[in-house]
*Asks:* 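There's a structure below that I have some questions on.
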Amino acid sequence: QVQLVESGGGLVQAGGSLRLSCAASGRTFSSYAMAWFRQAPGKEREFVAGISWSGGSWSGSSTYYADSVKGRFTISRDNAKNMVYLQMNSLKPEDTAVYYCAARWRIVVTGAGYDYWGQGTQVTVSS
């Protein structure tokens with residue numbers, strides 16, 4: 001069982017930055033792939049970024065991004081602290097949404113298939 005708690009959301013002006021954090025419980029955190037999804041009002045939840053487990057490659061975790069955030073957002077993890085982060089730069093009004101942290105075993109997928117979800121944190125970008 002993995003419990004996820006997001007933090008770091010808020011109100012920011014367009015062009016600004018925020019860093020979201022997700023604290024995970026459990027002793028096998030490093031074996032989980034972690035991802036951020038978001039859901040804007042009236043829209044479906046969408047994949048934002050993902051990071052694979054750390055043991056699948058000699059070079060460490062692999063990262064994946066939606067085209068809409070590539071070059072602006074960075075996902076990272078700290079296995080010693082059971083934390084995953086989403087650094088969001090050059091924010092746009094269209095980034096406004098509730099952001100969710102999610103976990104599944106080892107491999108990142110961009111759609112359904114995550115077993116654990118946080119409660120979400122609101123990000124609002126004003127123009």
*Asks:* To check you understand the geometry: which heavy-atom pair defines the closest contact between Y65 and A49, and what is its length?
*Replies:* CD2-CB, 3.6 Å
*Asks:* Flag yes if W36 and Y85 sit in one hydrophobic cluster, no otherwise; membership is Ile, Leu, Val, Met, Phe, Trp, Tyr, and two members link when side-chain heavy atoms are under 4.5 Å apart.
*Replies:* no
*Asks:* Does Q119 offer a backbone N or O that forms a donor-acceptor pair with the side chain of E6 under 3.5 Å?
*Replies:* yes
*Asks:* Between K92 and D95, does any NZ, NE, NH1 or NH2 come within less than 4.0 Å of an OD or OE carboxylate oxygen?
*Replies:* no
*Asks:* Using the rule that Ile, Leu, Val, Met, Phe, Trp and Tyr join whenever any side-chain heavy atoms are under 4.5 Å apart, tell me whether V123 and L86 fall into a single cluster.
*Replies:* yes
*Asks:* Tell me, with the steps shown, if S31 and W105 meet side chain to side chain contact (heavy atoms under 4.5 Å, CB included).
*Replies:* CA-CA 6 Å; S31 294; W105 190 250; 3.5 Å; yes
*Asks:* Under 4.5 Å between any side-chain heavy atoms of R72 and M88, yes or no?
*Replies:* no
*Asks:* Quick one: closest heavy-atom pair of Y99 and V48, and the distance?
*Replies:* CE2-CG2, 4.3 Å
*Asks:* Give a yes or no answer on whether the side chain of T96 reaches the backbone of V125 with a donor-acceptor pair at less than 3.5 Å.
*Replies:* yes
*Asks:* CD of Q39 to CD of Q122: how many Å apart, nearest 0.5 Å?
*Replies:* 11.0 Å
*Asks:* May I have the step-by-step check of side chain to side chain contact (heavy atoms under 4.5 Å, CB included) for S21 and K81, ending in yes or no?
*Replies:* CA-CA 11 Å; S21 299; K81 296 181 179 179; over 6 Å; no
*Asks:* Do any N or O atoms from the side chain of S61 and from the backbone of S52 form a donor-acceptor pair under 3.5 angstrom?
*Replies:* yes
*Asks:* Out of curiosity, R38 CZ to T121 OG1, how far, rounded to the nearest 0.5 Å?
*Replies:* 14.0 Å
*Asks:* Would you say Y64 ends up clustered with W117 if hydrophobic residues are merged whenever their side chains have heavy atoms under 4.5 Å apart, either directly or through other cluster members?
*Replies:* yes
*Asks:* So, Y114 versus R104: side-chain donor-acceptor pair below 3.5 Å or not?
*Replies:* no
*Asks:* Between L4 and Y100, is a side chain to side chain contact (heavy atoms under 4.5 Å, CB included) present by the stated rule, with each step listed?
*Replies:* CA-CA 9 Å; L4 304 172; Y100 298 90; over 6 Å; no
*Asks:* Looking at every heavy atom in both S30 and W53, which two are closest together, and how far apart are they?
*Replies:* O-CB, 3.3 Å
*Asks:* What's the verdict on side chain to side chain contact (heavy atoms under 4.5 Å, CB included) for L18 and F73, showing C-alpha distance, side-chain angles and the deciding distance?
*Replies:* CA-CA 10 Å; L18 280 175; F73 291 11; over 6 Å; no
*Asks:* Consider only side-chain heavy atoms of I, L, V, M, F, W and Y, link residues closer than 4.5 Å, and tell whether I107 and I51 are in one cluster.
*Replies:* no
*Asks:* Check whether any side-chain heavy atom of F29 sits under 4.5 Å from a side-chain heavy atom of V2, and report yes or no.
*Replies:* no
*Asks:* Please tell me whether V69 and V98 are part of a single hydrophobic cluster in this structure, the criterion being side-chain heavy atoms less than 4.5 Å apart.
*Replies:* no
*Asks:* Quick check: closest heavy atoms across A35 and F37, and the distance to 0.1 Å?
*Replies:* CB-CE1, 3.8 Å
*Asks:* Any sub-3.5 Å donor-acceptor pair from S25's side-chain atoms to Q3's backbone N or O?
*Replies:* yes
*Asks:* Check whether Y32 forms a cation-pi arrangement with R77 (NZ or CZ under 6.0 Å from the six-membered ring centre, at most 45° off the ring normal).
*Replies:* no
*Asks:* How close do V84 and C101 get, counting heavy atoms only, and between which atoms?
*Replies:* CG1-SG, 3.8 Å
*Asks:* Which atom pair, heavy atoms only, marks the closest approach of M34 to A103?
*Replies:* SD-CB, 3.5 Å
*Asks:* Between D78 and M83, is there a donor-acceptor pair closer than 3.5 Å when you use the side chain of the first and the backbone of the second?
*Replies:* no
